[in-house]
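Read through the structure below, which is laid out as structure tokens, and then see the notes.
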Amino acid sequence: MPIHSQAEAQHRADRIDSFRAELAVLEREKVVVLPEESRRAIDGYHARLLADLAASFDIDTGLGQKRLSLGMKIASFLGALGLAASVFFLFYQP
């Protein structure tokens with residue numbers, strides 16, 4: 001299924017992270033243990049896919065990148081709010 005938007009790409013990256021986390025739990029609880037060759041194939045596929053998605057759509061591929069993006073959004077919002085307030089008070093002088 002081709003990916004056409006940044007939102008779809010981010011959703012796919014999030015699904016990959018969820019899959020990796022769930023697989024780790026399943027292996028830790030001895031529910032399933034993948035052969036090393038299968039695990040390397042899956043990990044390689046996911047790494048290539050995430051690299052392609054990050055290059056094409058500029059998505060967050062890890063928790064650290066998501067935190068940084070959220071912090072930048074908050075900082076941008078506060079900066080815009082401060083700029084709007086300064087322009088308002090510039091023209092609203094008694």
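The analysis underlying the following values was restricted to heavy atoms, covering all of them including side chains, and did not include hydrogens, waters or symmetry mates.
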Original post:
Would a distance-only check, ignoring hydrogens and angles, find a side-chain to backbone donor-acceptor pair under 3.5 Å from Glu27 to Ala24?
Top reply: no
Subject >> side chain to side chain donor-acceptor pair (under 3.5 Å) pairs, two or more places apart, involving residues 62-81 >> reply: Asp14-Lys66, Asp60-Ser69, Thr61-Gln65
**OP:** Examine distances only and state if a side-chain atom of Ser56 and a backbone atom of Leu53 form a donor-acceptor pair shorter than 3.5 Å.
**Re:** no
Original post:
Would Phe19 end up clustered with Leu50 when hydrophobic side chains under 4.5 Å apart are linked, directly or stepwise?
Top reply: no
Subject >> Heavy-atom closest pair, residues Ile3 and Ala9 >> reply: CG2-N, 3.5 Å
Original post:
In chain order, what residues pass the side-chain contact (heavy atoms from CB on, under 4.5 Å) check against Leu26, with sequence neighbours excluded?
Top reply: Glu22, Val31, Val32
Subject >> Spacing of Arg12 atom CZ and Phe57 atom CZ [to the nearest 0.5 Å] >> reply: 11.5 Å
**OP:** Kindly say whether Gln6 contributes a backbone atom to a donor-acceptor pair with the side chain of Gln10 at under 3.5 angstrom?
**Re:** no
Original post:
Are Leu70 and Leu63 connected in a single hydrophobic cluster, I mean Ile/Leu/Val/Met/Phe/Trp/Tyr linked by side-chain heavy atoms less than 4.5 Å apart?
Top reply: no
Original post:
When hydrophobic residues are tied together by side-chain contacts of less than 4.5 Å, even through go-betweens, does Ile42 share a cluster with Ile16?
Top reply: no
Subject >> Basic-acidic side-chain contact under 4.0 Å: Arg39, Asp43 >> reply: yes
